Amino acid sequence: MDAALGDGPRHQVGGFPSPIQGDGMELEAQLASNGVYMGGPDSYTDARIAALEPGAADWRLLLQIDSDDSAGLMWGDTGTLYVWVREQDARVGDFSRVWMIVQSA
């Protein structure tokens, strides 16, 4: 991807994310949107995870906004914002429950 895009910002609508800190954001969105705290080392030990995990397959990348000096955007230490939506919500035009994840270098 670097050869095709160079080192410019990677803004996009839809498609597959360009993760900075690893993949698995679909599961993170599913868990966090269902009340599982995702901000600590014990995040993946919650007893509800097994029941919630299948719902991760419903999440789709809606928007990715990269840090971009020319636009005055800086997310953490040259990070990226990822906005996720459940496919069934997007199909009916309900964007009231999107989930945003920030990853930073």
Side-chain angles (χ1 to χ4, degrees):
M1 185 180 294
D2 289 336
L5 298 176
D7 5 334
R10 294 189 178 158
H11 310 299
Q12 69 182 57
V13 175
F16 295 99
S18 298
I20 295 173
Q21 296 175 334
D23 216 350
M25 287 184 273
E26 296 90 341
L27 178 58
E28 186 177 341
Q30 171 68 358
L31 297 177
S33 69
N34 282 281
V36 176
Y37 176 68
M38 299 304 299
D42 297 330
S43 298
Y44 289 93
T45 61
D46 191 290
R48 298 170 286 171
I49 290 177
L52 292 171
E53 195 168 12
D58 296 337
W59 289 89
R60 305 286 181 265
L61 181 68
L62 176 63
L63 179 65
Q64 175 177 301
I65 306 171
D66 205 354
S67 288
D68 184 345
D69 287 334
S70 65
L73 303 172
M74 184 59 63
W75 317 114
D77 185 14
T78 64
T80 302
L81 300 181
Y82 305 89
V83 180
W84 294 87
V85 64
R86 290 182 338 126
E87 183 174 346
Q88 51 271 52
D89 291 339
R91 287 185 181 274
V92 296
D94 181 1
F95 298 95
S96 65
R97 296 184 289 185
V98 299
W99 199 262
M100 185 188 72
I101 296 172
V102 179
Q103 290 188 352
S104 183

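Keep in mind the model is a prediction, meaning the values are calculated, not measured.
Once rounded to the nearest 0.5 Å, the distance linking NE2 of H11 with CG of L73 reads 6.5 Å.
When hydrophobic clusters are built by joining Ile, Leu, Val, Met, Phe, Trp and Tyr residues whose side-chain heavy atoms come closer than 4.5 Å, directly or via intermediates, M38 is not grouped with W99. Hydrophobic clustering, with ILVMFWY side chains joined whenever heavy atoms are under 4.5 angstrom apart, keeps V102 apart from M25.
Side-chain contact between L31 and Y37 is absent, with no heavy-atom pair separated by less than 4.5 Å. Between R91 and E87 the shortest side-chain heavy-atom distance falls below 4.5 Å. Taking the side chain as every heavy atom from C-beta outward, V98 and L62 approach each other to under 4.5 Å. In this structure, the side chains of V36 and R48 come closer than 4.5 Å at one or more pairs of heavy atoms. Side-chain contact between Y44 and E28: present, with at least one pair of heavy atoms (C-beta onward) separated by less than 4.5 Å.
Judged as a side chain to side chain donor-acceptor pair (under 3.5 Å), and not counting sequence neighbours, the contacts of Q88 are D58. With sequence neighbours excluded, no residue satisfies salt bridge (Lys or Arg N to Asp or Glu O under 4.0 Å) with D68.
The two residues S104 and G76 make their nearest non-hydrogen contact at OG-C, 3.7 Å. The shortest heavy-atom contact between Q30 and W59 is OE1-NE1, 2.9 Å. G22 and P19 get closest at one heavy-atom pair: O-CB, 3.4 Å.
The main-chain N or O of Q21 is found under 3.5 Å from a side-chain atom of Q103 such that the two form a donor-acceptor pair.
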*asked:* Applying side chain to side chain contact (heavy atoms under 4.5 Å, CB included) to R10 and Q64, what does each step give before you reach the verdict?
replied: CA-CA 7 Å; R10 294 189 178 158; Q64 175 177 301; 3.7 Å; yes
Side chains of residues 78-85: which donor-acceptor partners sit under 3.5 Å, not counting sequence neighbours?
{"unit_1": "T80", "atom_1": "OG1", "unit_2": "D66", "atom_2": "OD1", "d": "2.9"}
{"unit_1": "Y82", "atom_1": "OH", "unit_2": "S18", "atom_2": "O", "d": "2.7"}

